[in-house]
Amino acid sequence: MRLTQGTFSFLPDLSDDQIYRQVQYCIDNGWAVSLEYTDDPHPRNTYWEMWNRPMFDNPDAQALIEELKEARAQLATYYIRVVAFDNSHGWEAPRLSFIAHRPAEEPGFRLERTETEKRRQQYTLQPYASAHPPGQRYR
Amino acid sequence: MADDFDPQRPSRRPRNQGPGGGEQPGAPGDQAQQPAEPAPSPAPDTVDLNAEWQNAGVQQVLDELDRELIGLQPVKRRIRETAALLLVERARTRMGLTHETPTLHMSFTGNPGTGKTTVAMRMADLLHRLGYLRRGHVVNVSRDDLVGQYIGHTAPKTKEVVKKAMGGVLFIDEAYNLYRPENERDYGHECIEILLQVMENHRDDLVVILAGYTGAMAKFFQSNPGFRSRIAHHIDFPDFQDDELLEIAKLMLGEQHYQLTEAGEQALKDYIAKRRAQPHFANARSVRNALDRARLRQAMRLFETAEGPLDAAALSTIDAPDIYASRVFKGGLDSDHASSEDDGQPAG
């Protein structure tokens, strides 16, 4: 199952060139771009690990592309996303984030139904991959 | 799809390199978006170089260079040649005659104060207009910004700087400092290795300009042959003539809305001739320092002699006494070492 999250979740994965343009757009708007990665891509997990430092003062997006290449080489079995943070007053929030790399195999999520009192159903999403310890979840 | 965010971006960057996460075959967005190159799709049969020259704004940059930089004829000629070469190269690329990106790394050698930094800025602008640089900004660094203080500190530091310079010019001032042969554990080696790698692999992304004094740079290139072979353009900056320095002085004063009296001009002429013979002469930088101090003295003179209100002309006129008071006329720097009024340091 192909995981979709973030700004361009409805699109096919962006090519490096398209990523370059998106990131350049962010930089031109004065947002701080950074890379984050995780092997726990549950939709409710907002705490992804940060790759290196946020790139505040690189005027050209090629710098992030270089970092992304390095991250992909080292974290091939992780999800990597690009995050653009807007620190201007009133926003102070990520303005844009999208997945830039995904593991080759994505087993997806299991929907768990639990019956509670009066036959009420509770639903939980459980990633199949989370059966393994962190670091061994995807291939 | 938001694909037109940066229409300015030249097509020079090789597309879709590396293990692309987003390059699955059949992703419909990809193929449709890729050929949006500014180059006309069928290769043109002819090229009007003059029109290209005008359109790229090359002439504009060269005119600016002529206007703002006095003298430096050999440098200007080299820049003109380089611009012509790059323009022809670009036309050839469009016609499909060549696919390699030319090496653009340069070295600027010359004495202090001969305009290396200023020319680097213009060069970045020129390369940006010709489409060889995406942003055209200049990142000005020296050894301190590149070389770390302990093991493992240098590589990340250098890489940070390189990333900052992507799309522009990495100007390394006094580059010979990177290599310190007298200390074999010096971390400069590590930095040099990374720089060489970057100069080879990221020719599309940034241009490295090494600057320094002629003698020291010659030694530097001798001991680092890798640099010599990766640098295509060696530009030597000659010293300014006395009359050129006077022109420069007038230009500097004009920018600050000051003017020289006739006697003041003669005084400045004498000053330049005398100053040149003294140690630590740094061409235009010495002149700038001299003018700064002349303004200081002018202010004092106004305070001490003014009777009644002063008009704008009086406030912005530098006279002979302001310049003749310099200790250059009293035997030079060596006459009073203890003076707080220290002139041009050997290097900026």
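Just so it is clear, the values below take in all heavy atoms, side chains as well, and ignore hydrogens, waters and symmetry mates. Chain letters run A, B, ... following the sequence lines, proteins first and then strands; every chain starts at 1.
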key: Whether over 12 other heavy atoms sit under 6.0 Å from A:Arg139 CZ   = no
query = Taking C-beta and beyond as the side chain, do A:Met55 and B:Lys164 meet within less than 4.5 Å on heavy atoms?
reply = no
ask   = Within a strict 4.5 Å, meaning less than it, do heavy atoms of the A:Tyr20 and B:Arg134 side chains meet?
value = yes
ask   = Is the shortest side-chain N to carboxylate O distance from A:Glu66 to B:Lys159 below 4.0 Å?
value = no
query = Would you say A:Arg95 has more than 12 foreign heavy atoms packed within less than 6.0 Å of its CZ?
reply = yes
request  = Verify side-chain contact (heavy atoms from CB on, under 4.5 Å) between A:Asn58 and B:Met166, making sure each step is shown before the conclusion.
outcome  = CA-CA 8 Å; A:Asn58 300 333; B:Met166 289 257 175; over 6 Å; no
request  = Check whether the side chains of A:Gln62 and B:Arg135 place a donor and an acceptor atom closer than 3.5 Å, and report yes or no.
outcome  = no
query = Are there more than 12 heavy atoms of other residues, nucleotides or ligands under 6.0 Å from atom CD1 of B:Ile151?
reply = no
message = Rounded at 0.5 Å granularity, tell me how far CG in A:Asp60 sits from NZ in B:Lys163.
response = 12.5 Å
